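Since the structure comes first, as C-alpha cells, the remarks are kept for the end.
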Number of protein chains: 2
Amino acid sequence: MATIRDVAKQAKVSVATVSRVLNKKGYVSKEAEEAVLKAIKMLDYRPNSVARTLYNKSSGMIGLVVPDITNPFFPELARAVEDVALTYGYTVVLCNTDEMVEKEKKYFEALKQKYVDGIILTTSSLSTEDYDRLELPIVALDRELGDNIPTVVSNNRQGAREATEHLIHRGCRYLAHFRGPVGVAPADERYLGFKEVAEQHEIPYKVVNADFHIDKAESAANELLTNTPLIDGVFAGSDVTAAGVMKAAHTLNFSIPDQLKVIGFDGIPLGSMLVPPLSTIEQSIYKMGALSSRLLIKQIEKKPIDAMYYDLPTKLVIRGTT
Amino acid sequence: MATIRDVAKQAKVSVATVSRVLNKKGYVSKEAEEAVLKAIKMLDYRPNSVARTLYNKSSGMIGLVVPDITNPFFPELARAVEDVALTYGYTVVLCNTDEMVEKEKKYFEALKQKYVDGIILTTSSLSTEDYDRLELPIVALDRELGDNIPTVVSNNRQGAREATEHLIHRGCRYLAHFRGPVGVAPADERYLGFKEVAEQHEIPYKVVNADFHIDKAESAANELLTNTPLIDGVFAGSDVTAAGVMKAAHTLNFSIPDQLKVIGFDGIPLGSMLVPPLSTIEQSIYKMGALSSRLLIKQIEKKPIDAMYYDLPTKLVIRGTT
DNA sequence: CTGAAAGCGCTTACAG
DNA sequence: CTGAAAGCGCTTACAG
C-alpha cells in the first residue's frame with residue numbers, strides 16, 4: 001500500500017503539502033494540488049486511517065452497545081443507526097454484551113482505546129459513574145441513564161395504557177401482564193402504564209416476569225394460564241414475550257382471540273408472522289435508531305441539540321389476537 | 001490517559017523496558033519488572049491499541065460481513081463468531097451490507113484500512129479477485145468463494161433431499177419449492193436437492209423465487225397457491241420464507257398441515273414460534289459460526305488447519321406443519 | 001504558498 | 001539486562 005511519502009515523492013512536493021490537499025486545509029497552489037491528485041490516483045493511494053486516528057484521537061467510529069443481538073428489536077435499531085452514521089461518514093461498531101456486565105465493561109475499554117467518537121447505549125447494567133468516566137459523547141437509546149445524557153425512548157407508559165385500554169375495550173375482564181426485566185426503564189414504564197389502567201377500571205390482574213425472553217414467557221404463561229384460567233387478556237411486555245405466551249396458550253388449547261386476547265409491544269416483523277397475527281403497540285424503531293445516531297453525531301461535532309429527551313409516540317396496531 | 005512515557009518516568013526506566021514487560025518479550029530484570037508493574041497499576045495505565053496497531057499492522061479485530069442483520073439467521077451466527085473470537089482475544093466488527101455491493105466494497109476498504117486481521121464472509125456479491133486483492137485471511141461462511149478459501153457450510157443438498165423426502169413420505173403429491181436467491185450457493189444447493197428427489201419420485205413440482213424475504217415469499221405464495229391449488233407440499237428455502245408461505249396459506253384458508261404441508265430450512269427460533277410450529281431442516285448455526293471463527297484465527301496465527309472445506313450435517317426436525 | 005521538524009503512542013533492532 | 005534512536009503513517013504549528 002502506498003503511503004503519503006510515496007505520493008509526495010511522486011508529486012515532487014512535501015508530505016505536508018499532500019496532507020493539505022488530503023484534508024483540504026491550508027493553502028495549496030493549483031499546480032501542487034493537481035500534481036498531488038494525479039499522484040494519488042496513479043498510486044491508488046488511500047490515507048491510512050490508523051495513523052490518522054493516532055494523531056487526531058478520533059477514529060470516525062461510533063459504538064453501538066446492545067444487550068442481545070438475537071432479540072429482533074436490536075438488529076432493526078442497529079440498521080437505522082448504521083444508515084444514518086454511514087451518511088455522515090461514520091462507521092458503526094456493534095457490541096453485543098449478552099447481558100453480561102463484564103462484557104460491557106470490556107467493550108467500553110476497547111471502544112475507548114480505539115478512540116471511538118461516541119457510543120449509543122441500549123444497555124444499562126453499569127452505573128452512571130462508569131458512563132461519566134468514559135468522557136465520551138453518549139446517547140441513551142431505549143434506556144434512561146441520567147439527566148445529562150441525551151435520551152431517545154418511546155412513550156412506553158402511554159403505549160402500555162393504550163394496550164391495556166384496548167384489551168378492556170375488547171371485553172377482557174381478568175388481565176395479565178408479562179413484564180420485562182425489573183429495573184429496565186421501558187419495561188418498568190410498561191408495567192406502570194398497565195397497572196394504572198387496570199386499577200382505574202377496577203379490573204383484576206396478575207403480573208409475572210418474563211424478561212423479554214420467549215422461553216421464560218412460555219413457561220411463565222404455562223403456569224399462569226393453568227393456575228388462573230379465568231385470565232382472558234394478556235398484555236405482553238414485548239412481541240417476543242407475546243410469542244411465548246401464544247405458544248403456551250396453543251399448547252393449553254386456549255383459543256386466541258376468542259378465549260384469550262393477547263397484545264404485544266414493539267411492532268417487529270415477527271408479530272405479523274404469527275398466527276393469528278399479533279396485535280401490538282408499535283414503536284418507531286427505525287426512527288429511534290436514526291434519531292439517536294443523529295443526536296450522537298451532533299454531540300461529536302459539537303453542534304447544538306434541540307432537546308435532551310425524546311419521547312416518541314407509539315401506535316396501536318390491531319391484528320388478529322384481539 | 002497515561003502513556004508509556006509516564007510509566008517509564010514513574011518506574012525510572014526507559015520506555016523500551018516498559019514495552020518489554022508489556023509484551024513479555026526480551027530480557028527484563030526482576031526489579032525493573034516490578035517497578036514497571038507497580039507504575040502501571042499506580043497510573044492505571046493501559047497501552048494504546050491504536051499506536052500498537054499502527055506499528056504492528058494488526059489490530060486484533062476481525063470483520064464479520066453479513067448481507068442482512070435483520071434476518072435472524074445472521075445474529076445467531078454473529079453471536080457464535082463473537083463468542084469464540086473473544087475467547088482468543090479478538091474483537092469482532094459486524095458489517096451489514098444490506099445486500100448492496102457498494103456497501104460491501106466500502107466495508108472492505110474500511111476493514112483493510114483499520115488493519116483487521118481477517119474477515120469472515122457470509123456474502124458473495126464481489127468477485128473472487130476482490131477477495132484475493134484483500135490479501136487477508138478469509139473464511140467463507142455459508143457461502144463458497146473459491147477453492148483456496150476455507151469454507152464452512154451446511155450440507156444443504158442433503159438437507160434439502162431429506163426435506164423433500166419427508167414431504168413425499170407424508171403423502172404430498174404436488175410440491176413447490178420457494179428457493180432463495182439464484183447464484184447464492186446454499187440456495188442453489190437446496191434447490192438441486194429438492195429437484196433431484198422430486199424427479200426421482202416422479203412428483204410434479206413448481207419452483208418460485210423468494211429470495212429469503214418474508215414479503216416476497218408471501219406474495220409469491222399467494223400467487224402460486226391461487227393459481228395452483230393442487231399443491232399440497234412446500235419446501236421453503238428458509239424458515240423466514242416458510243413463515244411467508246404460511247401467512248399466505250392462512251390468508252387463503254389453506255389449512256396446515258391437513259391441506260398443505262410446509263417445511264423450512266435453518267432451524268431458527270422463529271420456527272417454533274409459528275402456529276403450527278414449523279417443521280424444518282436444522283442447521284448447526286452456532287457450530288458453523290464457532291468453527292469459522294476458529295478457522296480464521298488459526299489462519300491469522302499461521303497455524304495449520306485440518307481441512308479447507310467443512311460440510312456440516314443438518315437435522316430433520318418434525319413439528320406441526322408436516 | 002511550501003517544507004522541515006516534531007509529535008501522536010507504541011515497538012524493535014542495535015549497541016552497550 | 002537496558003536505553004537511545006528510528007520508525008509505523010499521518011497532521012500541524014512554525015518559519016520562510
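In this text, all values refer to a predicted model and were calculated from it rather than measured experimentally. First the proteins, then the strands, lettered A, B, ... as listed; each starts at 1.
- One finds no side-chain N or O of B:Asn56 lying less than 4.0 angstrom from the OP1 or OP2 phosphate oxygen of C:dC10.
- Using a 4.5 Å heavy-atom cutoff, the side chains of A:Leu86 and B:Tyr107 are in contact.
- Near DNA chain D, meaning a heavy atom under 4.0 Å away, the residues from residues 25-34 of chain A are A:Lys25.
- Contact between the side-chain N/O atoms of B:Arg52 and the OP1/OP2 oxygens of C:dT11 is found at a separation under 4.0 Å.
- For A:Ala51, counting side-chain heavy atoms from C-beta on, the closest listed nucleotide (D:dC10, C:dC8, D:dG7) is D:dC10.
- At the phosphate of C:dA13, neither OP1 nor OP2 sits under 4.0 Å from any side-chain N or O atom of B:Tyr55.
- Taking only side-chain nitrogens and oxygens, A:Asn48 never comes nearer than 4.0 Å to OP1 or OP2 of D:dC8.
- Neither OP1 nor OP2 of C:dT11 sits under 4.0 Å from any side-chain N or O of B:Lys57.
- A heavy-atom distance below 4.0 Å to DNA chain D is reached by these residues of residues 2-18 of chain B, ordered by number: B:Val13, B:Ser14, B:Ala16, B:Thr17.
- Under the side-chain hydrogen bond (donor to acceptor under 3.5 Å, both in side chains) criterion, B:Tyr286 pairs with B:Asp83, not counting sequence neighbours.
- Summarising the local packing, NZ of B:Lys9 is surrounded by 12 or fewer heavy atoms from other residues, nucleotides or ligands at distances under 6.0 Å.
- Remark: A:Glu82 engages B:Lys103 in a salt bridge, criterion side-chain N to carboxylate O under 4.0 Å.
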